[in-house]
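First up is the structure itself, then whatever we jot down about it.
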Amino acid sequence: MTDKETDTRLPRLKLTVRLLHNDEIAMGPGKAELLAAIQSTGSIAAAGKSMNMSYRRAWLLVDVMNRSFAGPVVHAAKGGRHGGGTTLTPLGLHVLDQYLKMAEAVNHTAQAYLPLFSGLMSKQVDESPMDE
């Protein structure tokens, strides 16, 4: 038995944390990734492109976030002679930081429950990739 086969029989977690506002997802893993990409690229278009997402889709996600929180999380300056640019607002930086802390805490806490499944997993090795 190889290490890979041993690893596939151990229970693993794949959790996602989503923060809802009304009926919309105000923040989740994809939106957190988008905010981080906007912060690093300074552009909604470039951030979306880095995530294989259209500008329109990225803009719609930003719009949901901006409407969901007490103020905008992203500030987009219009283009022109001095160029545009997009930055996270102080609230946006705080929201992203708090979301990442919460997601890490949820995952850390859930890891403690994995031993409950010890010995309950199938011994069969599945070679197909995990559904995402």
Side-chain angles (χ1 to χ4, degrees):
M1 185 172 355
T2 68
D3 287 338
K4 182 181 178 196
E5 290 171 327
T6 303
D7 290 343
T8 59
R9 285 192 266 155
L10 296 175
R12 296 177 295 151
L13 289 175
K14 182 180 179 185
L15 299 176
T16 56
V17 176
R18 289 183 173 86
L19 182 64
L20 301 178
H21 178 259
N22 298 321
D23 291 334
E24 295 184 296
I25 299 170
M27 180 61 67
K31 287 180 175 144
E33 183 181 350
L34 179 60
L35 288 182
I38 289 169
Q39 184 66 14
S40 67
T41 64
S43 161
I44 294 173
K49 186 175 182 179
S50 75
M51 296 174 63
N52 295 318
M53 181 187 304
S54 71
Y55 171 77
R56 177 170 167 67
R57 177 72 179 139
W59 187 91
L60 289 172
L61 294 175
V62 166
D63 183 56
V64 168
M65 288 185 282
N66 280 344
R67 287 186 286 108
S68 295
F69 292 97
V73 296
V74 172
H75 173 73
K78 298 215 185 266
R81 191 167 64 197
H82 300 292
T86 305
T87 58
L88 299 190
T89 64
L91 175 62
L93 290 167
H94 188 64
V95 165
L96 178 58
D97 182 59
Q98 296 302 326
Y99 171 81
L100 294 174
K101 285 178 183 174
M102 179 178 64
E104 183 180 339
V106 166
N107 278 284
H108 179 74
T109 300
Q111 290 291 328
Y113 290 87
L114 278 179
L116 296 174
F117 297 92
S118 179
L120 300 177
M121 306 307 288
S122 170
K123 303 241 187 285
Q124 180 178 344
V125 175
D126 183 7
E127 295 297 324
S128 65
M130 188 169 105
D131 292 338
E132 304 235 2

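Quick note: residue numbers are just sequence positions, from 1. Since we're looking at a predicted model, the values are computed, not measured.
Separation of atoms OG1 (T86) and CH2 (W59) is listed at 12.0 Å; rounding is to 0.5 Å. A distance of 9.0 Å separates CG in D63 from OG in S68, rounded to the nearest 0.5 Å.
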Next item on the list: Show the numbers, then the answer: is there a side chain to side chain contact (heavy atoms under 4.5 Å, CB included) between V62 and V73?
Entry: CA-CA 8 Å; V62 166; V73 296; 5.7 Å; no
Checklist line | V74 and L88: CA distance, side-chain angles, deciding distance, side chain to side chain contact (heavy atoms under 4.5 Å, CB included) verdict | finding: CA-CA 4 Å; V74 172; L88 299 190; 3.8 Å; yes
Solution key, residues 110-118 side-chain donor-acceptor pairs under 3.5 Å, sequence neighbours excluded:
none

In residues 20-32, what donor-acceptor pairs under 3.5 Å come from side-chain atoms, sequence neighbours left out?
residue	atom	partner	partner atom	Å
E24	OE1	R67	NH1	3.1
E24	OE2	R67	NH2	3.3
K31	NZ	I25	O	2.2

Would you tabulate the side-chain donor-acceptor contacts of residues 94-104 under 3.5 Å, counting partners in other chains and residues two or more places apart, or write 'none'?
residue	atom	partner	partner atom	Å
D97	OD2	K101	NZ	3.2
Y99	OH	V17	O	2.6

Identify each donor-acceptor pair in which a side-chain atom of residues 39-48 lies under 3.5 Å from a protein atom, sequence neighbours left out, and give them as a table.
residue	atom	partner	partner atom	Å
S40	OG	A36	O	3.4
S40	OG	A37	O	3.2
T41	OG1	A37	O	2.8
T41	OG1	S43	N	3.2
T41	OG1	S43	O	3.0
S43	OG	A45	N	3.2
S43	OG	A46	N	2.9

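Partners of T109 by side chain to side chain donor-acceptor pair (under 3.5 Å), not counting sequence neighbours: none found.
Applying the salt bridge (Lys or Arg N to Asp or Glu O under 4.0 Å) test to pairs two or more places apart or on separate chains, none has a residue in residues 47-59.
Y55 and V64 are members of different hydrophobic clusters when ILVMFWY side chains are connected at heavy-atom separations under 4.5 Å.
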